[in-house]
Amino acid sequence: MTSATPTPRQHWMQVLAKTPLPQLRMQLAPHLPDPACCQWLRRGETGLIMLRGRAGGTGQQFNLGEASLSRASVNIDGHSGHAWVLGSQPEHAELAAIADALLQHPQQGAPLQQALIAPLAAAIAARDTQRSREAAGSKVEFFTMVRGE
């Protein structure tokens with residue numbers, strides 16, 4: 001199974017969902033539109049989703065468990081933004097939905113990609129690299145000694 005390259009929208013939605021709420025709030029603040037321009041289709045709300053799994057990645061599907069999920073939808077200047085975020089974080093979902101709508105705007109999209117998504121993606125990559133280094137530091141090598149005859 002090959003993994004397809006994500007579309008630009010899939011990429012920015014992944015970045016927005018993985019960004020911690022305080023950082024997203026701070027980075028997005030200068031770009032937020034006037035609240036009167038936001039027509040909420042669905043304010044941030046939290047519910048549950050069923051997580052599905054497969055044994056070995058190819059076996060029979062099974063219900064693994066439930067997880068909380070927050071979602072929101074907004075329309076800004078004819079562009080609909082939608083967001084789903086793991087956890088009970090309705091504000092995070094609302095901010096991500098606003099950013100999604102703004103990123104789809106022809107004039108605002110490209111500058112917002114550079115001002116918001118690029119720095120957030122770099123911060124996520126740096127955080128992931130740091131976590132990998134920390135995990136590698138605790139790696140244990142097992143070996144077997146050959147016994148005599």
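- You'll find the side chain of Pro106 reaches within 4.5 Å of the side chain of His79, heavy atoms only.
- In terms of heavy atoms, Thr46 sits closest to Ser88 at CG2-OG, 3.5 Å.
- Within the model, atoms CD of Gln108 and CG of Leu116 stand 12.0 Å from one another, a figure rounded to the nearest 0.5 Å.
- The two atoms that bring Leu102 and Pro33 nearest to each other are CD1-CD, 3.9 Å, heavy atoms only.
- Contact between Ala123 and Gln23 at its shortest, heavy atoms only, is CB-NE2, 3.6 Å.
- Checked against salt bridge (charged side-chain N to carboxylate O under 4.0 Å, His left out), Arg127 has no partners two or more places apart in sequence or in another chain.
- Gln114 CD: 12 or fewer foreign heavy atoms inside a 6.0 Å radius.
- To the nearest 0.5 Å, atom CD of residue Gln107 and atom CG of residue Leu112 are 13.0 Å apart.
- Residues Glu94 and Arg43 have side chains in contact (heavy-atom distance under 4.5 Å, counting atoms from C-beta outward).
- Between Leu16 and Ala99, the closest heavy-atom pair is CD1-CB, 3.7 Å.
- Arg54 contributes a side-chain N or O that, together with a main-chain N or O of Gly59, makes up a donor-acceptor pair within less than 3.5 Å.
- Here the side chains of Leu95 and Leu21 are in contact, with some heavy-atom distance below 4.5 Å.
- Side-chain contact between Arg52 and Asn63 is present, with at least one heavy-atom pair separated by less than 4.5 Å.
- Considering only heavy atoms from C-beta on, His11 comes within 4.5 Å of Ile117 through its side chain.
- Note that CZ of Arg42 and CG of Asn75 are 13.5 Å apart. Values are rounded to the nearest 0.5 Å.
- Taken together through direct or relayed side-chain contacts under 4.5 Å among Ile, Leu, Val, Met, Phe, Trp and Tyr, Leu32 and Met13 form part of one hydrophobic cluster.
- Residue Glu134 qualifies as enclosed at atom CD: its count of foreign heavy atoms under 6.0 Å is above 12.
- Proximity of Arg9 to Asp100: side-chain heavy atoms (C-beta onward) are separated by under 4.5 Å at one or more points.
- By the criterion of side-chain heavy atoms lying less than 4.5 angstrom apart, applied directly or through intervening Ile, Leu, Val, Met, Phe, Trp or Tyr residues, Leu48 is not grouped with Leu51; the two fall into different hydrophobic clusters.
- Leu86 and Val15 are not part of a single hydrophobic cluster, where members link through side-chain heavy atoms under 4.5 Å apart.
- We find the CD1-OG1 distance between Ile124 and Thr19 to be 3.5 Å, quoted to the nearest 0.5 Å.
- The cluster map of Ile, Leu, Val, Met, Phe, Trp and Tyr, joined by side-chain heavy atoms under 4.5 Å apart, puts Val85 and Leu120 in different clusters.
- When hydrophobic clusters are built by joining Ile, Leu, Val, Met, Phe, Trp and Tyr residues whose side-chain heavy atoms come closer than 4.5 Å, directly or via intermediates, Trp40 is grouped together with Leu28.
- From Ser80, atom OG reaches atom CD of Gln104 across 7.5 Å, with rounding to the nearest 0.5 Å.
- When all heavy atoms of Ala115 and Pro119 are compared, the closest pair comes out as O-CG, 3.4 Å.
- Pairing each heavy atom of Cys38 with each of Val74, the nearest pair is CB-CG2, 3.9 Å.
- Between His82 atom NE2 and Leu41 atom CG the span is 6.5 Å, to the nearest 0.5 Å.
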Next on the checklist: Could you walk me through whether Gln10 and Gln14 satisfy the side chain to side chain donor-acceptor pair (under 3.5 Å) test, starting with their C-alpha distance in whole Å, then the side-chain angles of each, then the deciding distance to 0.1 Å, before giving a yes or no?
Outcome noted: CA-CA 6 Å; Gln10 288 172 329; Gln14 181 181 44; over 6 Å; no

